[in-house]
J.: 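Could you have a look at this structure, given as structure tokens, before my questions?
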Amino acid sequence: LKHALVLLILGIPIAGCTSGPVHCSIVNEDVLLEDLAREPRREAVLVDIDDTMVSGGLGTMLRLYLDVAPGGAKPFRGAPEAIRALSERYDVVLLTARSTAVRDETIEWLEESGFPRLPGVFCDRVQTCSDCQEDYKSRAIAQLRAKGLRPVWGIGDRWSDMGAYARNGLAAWLILDGYGDADWARSRPIFGMRSWVSGAHAPKYRVSSTQDGAWDGIREALIAEAQQAPDAPVLVEGNQPE
């Protein structure tokens with residue numbers, strides 16, 4: 001039965017990239033409501049999952065769903081500890097394009113891997129094209145804001161993540177998987193290196209040039225700079241990719 005459902009999941013991306021509405025599903029909404037009821041109110045950090053918290057993508061998602069060597073995926077070094085530390089200062093919410101079909105399995109795996117229990121937004125249809133993912137995440141951010149969330153930072157690995165964060169005025173942190181990562185070039189216009197000459201009205205952006213150790217820098221910087229004024233539009237951790 002699961003194999004048949006996987007075929008269905010794999011068929012959904014075509015439908016998921018149409019212009020029709022894409023619905024967001026919030027898991028662990030009780031945690032979100034607790035965060036929103038906290039006084040004084042805290043700012044929020046939105047975090048992607050695949051290739052941001054853990055190496056993966058569609059393949060990892062399907063292995064998790066089929067229960068085929070799900071333990072092969074591991075969190076990036078320092079990610080669970082960083083998320084726990086950030087959760088003491090911010091409302092941290094997962095924002096992923098993963099399908100609701102693997103929502104429960106994903107949350108269970110994250111908690112077993114040392115991450116705290118977090119609220120998360122999942123998509124009712126798998127989104128494979130980057131433009132669709134950007135649009136979906138933009139809609140999700142608007143939905144979270146309507147509930148009262150105050151997102152100020154977004155963390156992800158794709159230019160589409162950066163686009164969704166920028167469209168909503170968030171500061172953003174891009175995690176690359178090396179100097180040849182194509183998302184660097186696609187993110188540069190979003191970061192203002194072409195269209196935004198001045199950073200006066202642009203959010204603050206940071207880039208980790210490699211996945212290894214990225215979360216150590218994220219943890220340190222976001223906690224230390226949470227209440228500081230924006231620096232230059234683009235701050236690159238490590239050597240700047242060409």
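None of these values were measured; they are calculated from a predicted model.
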J.: So do the side chains of Asp183 and Asp161 get within less than 4.5 Å of each other, counting heavy atoms only?
T.: no
J.: To the nearest 0.5 Å, what is the distance between CG on Asp51 and CD1 on Ile175?
T.: 9.5 Å
J.: Can you list everything that forms a salt bridge (Lys or Arg N to Asp or Glu O under 4.0 Å) with Asp48? Sequence neighbours excluded, please.
T.: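 Here the qualifying residues are Lys137.
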J.: Compare every heavy atom of Ile190 with every heavy atom of Ala166, then report the nearest pair and how far apart it is.
T.: CB-CG2, 3.7 Å
J.: Under a 4.5 Å cut-off applied to non-hydrogen side-chain atoms, are Ile107 and Leu94 in contact?
T.: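 When only atoms from C-beta onward are counted, Leu94 and Ile107 do touch, with a gap below 4.5 Å.
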J.: Check whether Ser87 reaches the backbone of Ile83 with its side chain - one donor and one acceptor, N or O, closer than 3.5 Å.
T.: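 Judged by distance alone, yes, a pair lies under 3.5 Å.
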J.: Between Gln143 and Cys24, which heavy-atom pair has the shortest distance, and what is it?
T.: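 Closest pair (atom of Gln143, atom of Cys24, distance): OE1-CB, 3.4 Å.
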J.: Is it the case that Asp157 and Thr52 place a side-chain donor and acceptor less than 3.5 Å from each other?
T.: yes
J.: State, to 0.1 Å, how close Ser208 and Trp173 come at their nearest heavy-atom pair, and which atoms those are.
T.: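 Smallest heavy-atom distance, with atoms named: OG-NE1, 2.8 Å.
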J.: Is there a donor-acceptor contact under 3.5 Å from the side chain of Arg150 to the main chain of Arg145?
T.: no
J.: Sequence neighbours excluded, which residues qualify as salt bridge (Lys or Arg N to Asp or Glu O under 4.0 Å) partners of Glu29?
T.: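 Residues passing salt bridge (Lys or Arg N to Asp or Glu O under 4.0 Å) with Glu29: Lys147.
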J.: Heavy atoms only: give me the nearest Tyr165-Leu46 pair and the separation to one decimal.
T.: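 For Tyr165 versus Leu46, the nearest heavy atoms are OH-O, 3.9 Å.
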J.: Who are the side-chain hydrogen bond (donor to acceptor under 3.5 Å, both in side chains) partners of Ser25, not counting sequence neighbours?
T.: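 With neighbours one apart ignored, the set is Arg103.
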J.: Name all residues meeting the side chain to side chain contact (heavy atoms under 4.5 Å, CB included) criterion together with Val31; count only those two or more places apart in sequence or in a different chain, and write none if there are none.
T.: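 Val31: side chain to side chain contact (heavy atoms under 4.5 Å, CB included) contacts with Asn28, Asp35, Arg117, Pro119.
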J.: Is the shortest side-chain heavy-atom distance between Trp184 and Phe191 below 4.5 Å?
T.: yes
J.: For the atom pair OH (Tyr205) and CG (Leu170), what is the distance rounded to the nearest 0.5 Å?
T.: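 Output value for this atom pair is 8.5 Å.
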J.: Suppose we screen for side chain to side chain contact (heavy atoms under 4.5 Å, CB included). Which residues come up paired with Pro80, at least two apart in sequence or across chains?
T.: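 Side chain to side chain contact (heavy atoms under 4.5 Å, CB included) list for Pro80, sorted by chain: Pro75, Phe115.
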J.: Check step by step if side-chain contact (heavy atoms from CB on, under 4.5 Å) holds for Leu36 and Leu149.
T.: CA-CA 7 Å; Leu36 296 178; Leu149 198 74; 4.0 Å; yes
J.: Going by the salt bridge (charged side-chain N to carboxylate O under 4.0 Å, His left out) test, which pairs reach into residues 210-224, not counting sequence neighbours?
T.: Arg77-Asp212, Arg77-Asp216
J.: Answer yes or no: is there a donor N or O on one side and an acceptor on the other, between the side chain of Tyr136 and the main chain of Thr96, under 3.5 Å?
T.: yes
J.: Got a donor-acceptor contact below 3.5 angstrom from the Arg89 side chain to the Ile223 backbone?
T.: yes
J.: Could you tell me whether the side chain of Phe76 reaches within less than 4.5 Å of the side chain of Val54, counting heavy atoms only?
T.: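 Sidechains of Phe76 and Val54: no contact.
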J.: So how far is it from Met53 CE to Thr106 OG1, rounded to the nearest 0.5 Å?
T.: 10.5 Å
J.: Do Val45 and Pro151 make a side-chain contact, defined as non-hydrogen atoms from C-beta onward lying under 4.5 Å apart?
T.: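 Contact flag for Val45/Pro151 side chains = no.
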J.: Could you walk me through whether Leu176 and Val207 satisfy the side-chain contact (heavy atoms from CB on, under 4.5 Å) test, starting with their C-alpha distance in whole Å, then the side-chain angles of each, then the deciding distance to 0.1 Å, before giving a yes or no?
T.: CA-CA 7 Å; Leu176 301 174; Val207 181; 3.8 Å; yes
J.: Donor-acceptor check, side chain of Arg42 to backbone of Glu88, threshold 3.5 angstrom: yes or no?
T.: yes
J.: So do Asp91 and Arg38 actually touch side chain to side chain, heavy atoms under 4.5 Å?
T.: yes
J.: Taking the side chain as every heavy atom from C-beta outward, state whether Leu118 and Val27 have any atom pair closer than 4.5 Å.
T.: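 No. Closest side-chain heavy atoms not under 4.5 Å.
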J.: Counting C-beta onward and ignoring hydrogens, is there a side-chain heavy-atom pair between Trp153 and Leu86 closer than 4.5 Å?
T.: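 Trp153 does not reach Leu86 side chain to side chain.
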J.: Only pairs at least two apart or in different chains count here, so list each salt bridge (charged side-chain N to carboxylate O under 4.0 Å, His left out) that has a residue in residues 167-178.
T.: Glu134-Arg167, Asp135-Arg167
J.: Could you give the distance from CG (Leu174) to CE (Met162), rounded to the nearest 0.5 Å?
T.: 5.0 Å
J.: Which value, rounded to the nearest 0.5 Å, describes the distance between Leu33 atom CG and Ile26 atom CD1?
T.: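 Atom-to-atom, Leu33:CG and Ile26:CD1 are 8.5 Å apart.
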